[in-house]
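Read through the structure below, which is laid out as structure tokens, and then see the notes.
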Amino acid sequence: MTIVSPPPPPVTVIGIGADGWDGLGPTAREALRAAEVVIGGRRHLGLLPPECHGERVPWPSPLRPAVPGLFAAHTGRRVCVLASGDPMFFGIGRTLAELLGAERLRVLPHPSSVSLACARLGWALEETEVISLVGRPLATLNRELSAGRRLLVLSAGAETPAEVAGLLGDRGFGPSRLRVLEQLGSARERCVEGTAETWPHPPGDPLNVIAVDCAPADGARPLSLAPGLPDTAYDHDGQLTKRHVRAATLAALAPAPGELLWDVGGGSGSIAVEWMRAHRTCRAVSVERDPVRAERIGRNADALGVPGLTVVTGAAPDALAKLPTPDAVFIGGGLTAPGVLEACWAALRPGGRIVANTVTLESEALLADRYRRHGGDLVRLAVSHATPVGAFTGWRQAMPVTQWSAAKGLDSRGPGGYAADPAESVEAEAEAEAAQGETR
């Protein structure tokens, strides 16, 4: 006779707003009254009334590594988790689903601060870009700046509005209108406003959301999210994939949401930067052997709104050994170094893409050999610019670039297919949720 153990009780994840207990529905209240353990940020736990008798456990730090052990310690007990607003929107819900399994969760969402802000502002939620600065660099905002765009910024604390105003001014968006909505949904809710260039308000309540109506100053040149940014957008020493070739290279790499790029021989990092600008979930590792250039890549990533770009200082192929499996690889330098092409091709996942550019005959011969062995496309890109010739105008041709691009076959895919390596940003979101307990 086989004895089947009953499944463990589900973990109930409850969204709670600034209105606290009064804003919860009957189902959420009943779950909290019945809970033997309630886990959450200290601010959230402080919102519960005495009638909730369960043990109150604040999130540990660092959070993500501690989650499995934390819940294992309470196996068999009725556990509730408190989260800000909607737990599945920049919240702890995603992390718990990944670590515990979605089937173990019972999620009871509350209106998010974003939903409440859009309701107050009269903004269409589906047309509003949301950027979280909770546990993320301020430079994340740089990618999103565009004339006429509406942004909602999830604040990291009381100082964030002034920091956002300062960044907007520095980036040529000083005339942008800012509204800071504090304590949304509570009796202490209020809104203060001004422009970025003349932001007049001292730090207020740490629980706030910042609404930005983007407006560039006269003469400002906002940058597109399309590949092929002006060369002047980058700090470089000449080691830069030029604008038109860069656009063709990104088209061949074909970035897709969530994918990881290796940018080998990063130079100024332009390919990795524009790969990540293609979608907020795109990830990249730029490998550069020169420490000065590697530092410059980091500065370019911050300035162009992708501070999550990972920069590895080292020479390929040795520097590639411990990197996560790429969905795409770009080789912009070091093609003639022994083993670089082989290592990149071997590391590429089945179905992944590789693109290599060169201007030398020696490297061109290597690409011709790869084209013969693996197929794909072998093209020569030639760009000419109009320049003065005395009193007239003529064409000046840049060095032609030979480009090989190919996709790795699926024949090496194992049973069940493949999946890209998980994003490291999940841990940041989990840590952010712990911080939300104190600030949001």
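Just so it is clear, the values below take in all heavy atoms, side chains as well, and ignore hydrogens, waters and symmetry mates. Values in this document were obtained by computation on a predicted structure and should not be read as measured data.
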Inset, instruction - Report the C-alpha separation of Phe330 and Ile354 in whole Å, then their side-chain angles, then the decisive distance to 0.1 Å, and conclude whether the side-chain contact (heavy atoms from CB on, under 4.5 Å) test is met. - result: CA-CA 6 Å; Phe330 171 67; Ile354 189 169; over 6 Å; no
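- Two residues are said to be in side-chain contact when any heavy atoms from C-beta on lie closer than 4.5 Å; Leu167 and Phe173 fail this criterion.
- Looking at heavy atoms from C-beta onward, Val401 lies out of side-chain contact with Thr358 at the 4.5 angstrom threshold.
- Panel note: side chain Arg349, backbone Lys408; no donor-acceptor pair is recorded below 3.5 Å.
- Side-chain contact check for Pro255 versus Leu250: some heavy-atom pair is nearer than 4.5 Å.
- With 3.5 Å as the limit, one finds no donor-acceptor pair spanning the side chains of Asn300 and Ser270.
- Side-chain rings of His374 and Trp345 approach one another, their centers coming within less than 6.0 Å.
- Shown here for Cys191 and Leu181, the closest heavy-atom pair between the two residues is SG-CG, 4.3 Å.
- No side-chain donor-acceptor contact under 3.5 Å links Ser115 to the backbone of Pro111.
- Atom CZ of Arg190 is separated from atom CD of Gln183 by 10.5 Å, given to the nearest 0.5 angstrom.
- Counted within 6.0 Å of CZ on Arg149, heavy atoms from surrounding residues, nucleotides or ligands total more than 12; the atom is thus considered enclosed.
- One distance of note links CZ of Arg283 with CG of Leu260; it measures 5.0 Å at 0.5 Å rounding.
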Inset, instruction - List the steps, then state whether side-chain contact (heavy atoms from CB on, under 4.5 Å) holds for Arg396 with Val389. - result: CA-CA 10 Å; Arg396 185 178 299 277; Val389 180; over 6 Å; no
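- No salt bridge links Arg280 with Glu144; every basic N to acidic carboxylate O contact stays at or beyond 4.0 Å.
- Annotation for Thr393 and Ala386: closest pair CG2-CB, 3.8 Å, computed over non-hydrogen atoms.
- At least one side-chain heavy atom of Trp199 sits under 4.5 Å from a side-chain heavy atom of Val192.
- A heavy-atom distance below 4.5 Å is found between the side chains of Leu138 and Leu133.
- Taking 4.5 Å as the limit, some side-chain heavy atom of Ile39 sits within range of a side-chain heavy atom of Phe71.
- Judged purely by atom type and a 3.5 angstrom limit, Trp404 has no side-chain atom pairing as donor or acceptor with the backbone of Asp369.
- Summarising the geometry of Leu378 relative to Ala368, their closest heavy-atom pair is CD2-CA, 4.1 Å, with the distance given to 0.1 Å.
- By the ring pair (Phe, Tyr, Trp, His ring centres under 6.0 Å) test, His279 is found to be paired with no residue, residues two or more places apart in sequence or in another chain being considered.
- Side-chain atoms of Leu178 and Glu193, non-hydrogen and from C-beta on, never get closer than 4.5 Å to each other.
- Remark: the backbone N or O of Arg136 is not paired with any side-chain donor or acceptor of Thr140 at under 3.5 angstrom.
- Between the CD atom of Glu127 and the SG atom of Cys118 there is a distance of 10.0 Å, given to the nearest 0.5 Å.
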Just distance, no hydrogens or angles: give the donor-acceptor pairs under 3.5 Å from side chains in residues 214-227, sequence neighbours left out.
residue : atom : partner : partner atom : Å
Ser224  : OG   : Ala226  : N            : 2.9

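- Side-chain contact check for Asn357 and Gln403: at least one donor-acceptor pair (N or O, by modelled atom type) lies under 3.5 Å.
- When atom types are taken as modelled, the side chain of Trp262 and the backbone of Thr325 share no donor-acceptor pair closer than 3.5 angstrom.
- Between the side chains of Asn208 and Ser155, at least one donor N or O lies within less than 3.5 Å of an accepting N or O.
- Atoms CG and CG, on Leu24 and Leu108 in that order, are 9.5 Å from each other to the nearest 0.5 Å.
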Inset, instruction - Show your reasoning for whether side-chain contact (heavy atoms from CB on, under 4.5 Å) applies to Val273 and Tyr234. - result: CA-CA 10 Å; Val273 165; Tyr234 294 93; 3.9 Å; yes
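- Atoms CG and OG1, from Leu105 and Thr12 in turn, are 9.0 Å apart once rounded to the nearest 0.5 Å.
- Formation of a donor-acceptor pair under 3.5 Å by the Arg293 side chain with backbone atoms of Gly267 is not found in this model.
- Other residues, nucleotides and ligands contribute only 12 or fewer heavy atoms inside 6.0 Å of the CZ atom of Arg188.
- Of the possible polar contacts, none joining the Lys242 side chain to the Ala398 backbone as a donor-acceptor pair under 3.5 Å is found.
- The backbone N or O of Leu304 sits nowhere less than 3.5 Å from a side-chain atom of Arg143 that would complete a donor-acceptor pair.
- Using a 4.5 Å cut-off on side-chain heavy atoms (C-beta onward), Ile271 and Leu261 make contact.
- Arg296 has a carboxylate O that lies under 4.0 Å from a charged side-chain N of Asp237, or vice versa, which qualifies the two as a salt bridge.
- Asp231 has no carboxylate O lying under 4.0 Å from a charged side-chain N of Arg243, or vice versa, which leaves the two without a salt bridge.
- The side chain to side chain donor-acceptor pair (under 3.5 Å) analysis of residues 301-317, with sequence neighbours excluded, yields no pairs.
- For the residue pair Met276 and Val306, the shortest heavy atom distance occurs at CB-CG1, 3.5 Å.
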Inset, instruction - Might you work through the salt bridge (Lys or Arg N to Asp or Glu O under 4.0 Å) test for Arg179 and Asp213, ending with a clear yes or no? - result: CA-CA 9 Å; Arg179 283 171 282 182; Asp213 288 283; 3.0 Å; yes
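- Using a 4.0 Å cut-off between a side-chain N of Lys or Arg and a carboxylate O of Asp or Glu, Glu342 and Arg370 qualify as a salt bridge.
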Legend entry - Test log, rule side-chain contact (heavy atoms from CB on, under 4.5 Å), inputs Glu259 and Trp275: CA-CA 9 Å; Glu259 289 192 329; Trp275 168 279; 3.7 Å; yes
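- In this structure, Gln239 CD and Ile297 CD1 are separated by 10.5 Å, a value rounded to the nearest 0.5 Å.
- Glu364 and Thr402 share a donor-acceptor pair across their side chains, judged by distance under 3.5 Å alone.
- Closest heavy-atom contact between Val311 and Ala294: CG1-O, 3.6 Å.
- The pair Arg150-Glu129 fails the salt-bridge criterion, with no side-chain N (NZ, NE, NH1 or NH2) lying under 4.0 Å from an Asp/Glu carboxylate O.
- Annotation for Phe90 and Val130: closest pair CE1-CG1, 3.9 Å, computed over non-hydrogen atoms.
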